[in-house]
Participant: 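One structure, pasted below without further comment.
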Amino acid sequence: MKQLEQLNFDNTFARLPATFHSSIKPTPLSRPYLVSFNTSAARLIDLSETESEREEFAQYFIGNRLLPGSEPLAMLYSGHQFGQYVQQLGDGRAILLGEINNQAGEYWDVQLKGAGPTPYSRNGDGRAVLRSSIREYLCSEAMHGLGIPTSRALCIVGSDEKVYRETVESAAVVTRISPSSVRFGSFEVFYYRKQFEQITRLADYVIAKHFPHLAKVTDKYAKFLQEVLERTAHLMAQWQAVGFSHGVMNTDNMSILGLTFDYGPFGFMENYDPGYICNHSDHRGRYAYDQQPQIALWNLSALAQALSPLVPQEQAEEILETYGDIFSARYVELMCNKLGINYAGLEDFALIRPLLEMMQASNLDYTNLFRELGNFNSAGEGNNMKLRDQFVDRTAFDAWAALYATRLSAEGCQENDRKIKMDKVNPKYILRNYLAQTAISKAEKERDFTEVDRLLSLLSRPFDDQPEMESYAATSPEWARHLEVSCSS
Ligand code: AMP
Ligand code: MG
């Protein structure tokens, strides 16, 4: 494990032509202080955990000092925001320090979010507030704990400097690390500028770095599009299965590697509600929970359009047509896992759908209900009273329970084994908005970051029963029912 000054940078993106990025130094912030440090993310970049104890640590990760070997830059991209093409976006407040090539040979982008304006900031201040930094930090690690591909987060460093949003808040910088920060919009910008040679350049770069098995195959660009589509479809299946809503699925927030990234007004659904909208600025529900899979396909079509100089339209259409089946098969498979049954095919949805409908009708917590289903007794002992009592329509529950019991006995799985298996896929703990809000309030009002650390540790093991943390599995208390989360961050 290394000291800060020894990290092994190899900045491949910085070596791409100047059209791809702008060199930019972070703008200093006064009196930085460490809010939280994530040792498991530090290991990814070979950083020794004791380095966070050094006074320089906060200086480096708020952007006041530059790590040796870094070549800070802002990446250019554009994208479709809420369905409308926006000519130019780019990192408006994210600064890529560079890529760390770790001892295992992996590359990790290290990016400061909130480190000051860049040439792409438009009218923004280039800053991020402590509140949204804590949310991103916790959620990306929660997603990782859930086994969902995501950018990671190394640390949060706060500052006393003020940031003006709806109210006055304090500034912070969250350091994200991820295998790639290239997004669909990174391709779109060159397509709409008719700089087709740059599209090839970027595709070759991404393929060489992240899809090396495609580098020498015929039709590599079509296969690349196919793989991005598969990863995206799998990601959507995981989001849907866990009840995660991203909130701003613009094409500039869609990772080329199918990672969850750019956390803003995200939310984990509590009561099962297909129309759940986590982003209070999304008045029409374009990015509602149940819209996500089809929005991802819409976004993939936008990517296909940007890649059209490389992949003929007819071929791209054939690829896009595979999305529905790939998504559905993966989603139903994941839902079968949640029920503790083996995936047999799309017809398994016949068992899943009525359960979801009953959950919706009874306003049940999606996460907790699935967790409790691990205790379902397929022999009907005690009539599964504890579960049954939660449903308004008991007759419907009895009918469903009979179907489920028949299916379970056909699979011949031991009850105990099934519970163990189900507990590995049905989380006990998710990042409920009220949990994040409690940690944020303590951090903002008292400079007490213990709750951030506690949640970080809890959510890194979301499937484990952690008896001393039992209360963290509870649904939202009354005060938090109407917490509003918007794009403001
Ligand atoms: P987002 O919705 O967070 O993906 O942001 C969309 C675009 O706006 C991205 O290009 C961001 O970099 C930029 N942006 C968002 N907030 C700010 C800010 N406070 N200052 C500068 N740019 C910003
Ligand atoms: Mg973004």
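Whatever order the structure lists ligands and atoms in, that order sets their numbers, starting from 1. From a predicted model like this one, the values you see are computed outputs, not experimental measurements.
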Participant: Is the NZ or CZ atom of R135 positioned over F266's six-membered ring, under 6.0 angstrom from the centre and within 45° of the axis?
Facilitator: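 Positive - R135 is close enough to the ring of F266 and near enough to its axis.
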Participant: Please state which part of T118 comes within less than 4.0 Å of ligand 1, counting heavy atoms only: side chain, backbone, both or neither.
Facilitator: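 Near ligand 1, T118 shows nothing, with every heavy atom at 4.0 Å or more.
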Participant: Testing F184, F196, F20 for ring pair (Phe, Tyr, Trp, His ring centres under 6.0 Å) with F190, which one passes?
Facilitator: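 Running ring pair (Phe, Tyr, Trp, His ring centres under 6.0 Å) over F184, F196, F20 with F190 returns exactly one hit, F20.
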Participant: Relative to the heavy atoms of N253, which atoms of ligand 1 are at a distance of less than 4.0 Å?
Facilitator: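 In order of numbering, the contacting atoms are 4 (O).
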Participant: Within 45° of the ring axis of Y33 and under 6.0 Å from its six-membered ring centre, is that where the NZ or CZ of R447 lies?
Facilitator: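 Positive - R447 is close enough to the ring of Y33 and near enough to its axis.
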Participant: Can you tell me if G264 contacts ligand 1 (heavy atom of the residue under 4.0 Å from the ligand)?
Facilitator: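 Outside the 4.0 Å threshold, so no.
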Participant: Between Y77 and ligand 1, find which residue part has any heavy-atom pair under 4.0 Å and reply side chain, backbone, both or neither.
Facilitator: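 Y77 to ligand 1: side-chain contact only, backbone stays beyond 4.0 Å.
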Participant: Using the salt bridge (Lys or Arg N to Asp or Glu O under 4.0 Å) rule, take D365 and R432 through it: C-alpha gap first, then chi angles, then the decisive distance, then the call.
Facilitator: CA-CA 11 Å; D365 186 81; R432 296 174 189 273; 2.8 Å; yes
Participant: Measure the distance from atom 13 (C) of ligand 1 to every protein heavy atom, then report the residue, atom name and distance (to 0.1 Å) of the closest one.
Facilitator: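 Atom 13 (C) of ligand 1 sits closest to the protein heavy atom R122 NH2, 4.0 Å.
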Participant: Strictly distance-based, threshold 3.5 Å: is any side-chain N or O of D109 a donor or acceptor partner for the main-chain N or O of S181?
Facilitator: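 Answer holds: yes.
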Participant: Please write down residue, atom name and distance for the protein heavy atom closest to atom 1 (P) of ligand 1.
Facilitator: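 It is D262 OD2, 4.1 Å.
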Participant: Can you find a side-chain donor-acceptor pair between Y120 and S22 that sits under 3.5 Å?
Facilitator: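 Their side chains do contain a donor-acceptor pair, which is all the 3.5 Å distance test asks for.
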Participant: Using the rule given for side chain to side chain contact (heavy atoms under 4.5 Å, CB included), can you reason through D273 versus D290, listing the C-alpha separation, both sets of side-chain angles and the distance that settles it, and then say yes or no?
Facilitator: CA-CA 9 Å; D273 170 16; D290 62 353; over 6 Å; no
Participant: When you look for heavy atoms under 4.0 Å from ligand 1, do you find them on the side chain of N250, its backbone, both, or neither?
Facilitator: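 Looking at N250 and ligand 1, no heavy atom falls under 4.0 Å.
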Participant: Would you check whether Y120 has a nitrogen or oxygen atom less than 3.5 angstrom from a nitrogen or oxygen atom of ligand 1?
Facilitator: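 There is no such contact.
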Participant: Cation over ring, R286 on W298, under 6.0 Å and within 45°?
Facilitator: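 Because its charged atom sits under 6.0 Å from the ring centre and within 45° of the axis, R286 does stack over W298.
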Participant: Has the side chain of R176 got a donor or acceptor atom that lies under 3.5 Å from a matching backbone atom of V174?
Facilitator: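 Checking the backbone N and O of V174 against the side chain of R176, no donor-acceptor pair under 3.5 Å is found.
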Participant: Among I430, V242, L356, N271, which residue satisfies the side-chain contact (heavy atoms from CB on, under 4.5 Å) criterion with Y366?
Facilitator: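 Among I430, V242, L356, N271, the one that satisfies the side-chain contact (heavy atoms from CB on, under 4.5 Å) with Y366 is L356.
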Participant: For the Mg ion (ligand 2), which N, O or S atom of D262 is at the shortest distance?
Facilitator: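 Relative to the Mg ion (ligand 2), the closest nitrogen, oxygen or sulfur of D262 carries the name OD2.
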Participant: Which ligand 1 atoms does G126 reach within 4.0 Å, using its non-hydrogen atoms?
Facilitator: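 Matching atoms, with element in brackets: 18 (C), 19 (N), 20 (N), 21 (C).
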Participant: Under 4.0 Å from a heavy atom of L89: give me the atoms of ligand 1 that qualify, with their elements.
Facilitator: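 The list of qualifying atoms is 10 (O).
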Participant: Where is the nearest protein heavy atom to atom 19 (N) of ligand 1: which residue, which atom, and how far?
Facilitator: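 Heavy-atom neighbour on the protein nearest atom 19 (N) of ligand 1: D125 OD1, 3.0 Å.
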Participant: Taking backbone and side chain together, does N250 place any N/O/S atom at a distance below 2.8 Å from the Mg ion (ligand 2)?
Facilitator: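 Given the 2.8 Å cut-off, N250 does not count as a ligand of the Mg ion (ligand 2).
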Participant: Testing the 3.5 Å rule here: is there a donor-acceptor pair between the side chains of E51 and Q3?
Facilitator: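 Side-chain D/A pair, E51 to Q3: absent.
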Participant: Specify the protein heavy atom at minimum distance from atom 14 (N) of ligand 1: its residue, its atom name, and the distance to 0.1 Å.
Facilitator: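 That would be R93 NE, 4.2 Å.
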Participant: At less than 4.0 angstrom from any non-hydrogen atom of R165, what atoms of ligand 1 do you find?
Facilitator: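 Once the distances to R165 are compared, the set is 19 (N).
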Participant: Considering only the protein, which heavy-atom contact is closest to atom 12 (O) of ligand 1, and what is its distance?
Facilitator: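 Heavy-atom neighbour on the protein nearest atom 12 (O) of ligand 1: G92 N, 2.7 Å.
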Participant: For ligand 1, note which part of Q81 has a heavy atom under 4.0 Å away: side chain, backbone, both or neither.
Facilitator: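 The answer is the side chain of Q81.
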Participant: Regarding E141 and N38, do their side chains bring together a donor and an acceptor under 3.5 Å, going by distance alone?
Facilitator: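 Side-chain D/A pair, E141 to N38: present.
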Participant: Is atom 5 (O) of ligand 1 close to the protein, meaning a heavy atom under 4.0 Å from it?
Facilitator: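 No, there is none.
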Participant: Pairs of nitrogen or oxygen atoms closer than 3.5 Å, one from G90 and one from ligand 1: do any exist?
Facilitator: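 Checking ligand 1 against G90, an N or O pair does fall under 3.5 Å apart.
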Participant: What part of Q88, side chain, backbone, both or neither, has a heavy atom within less than 4.0 angstrom of ligand 1?
Facilitator: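 No part of Q88 is near ligand 1 at this cut-off.
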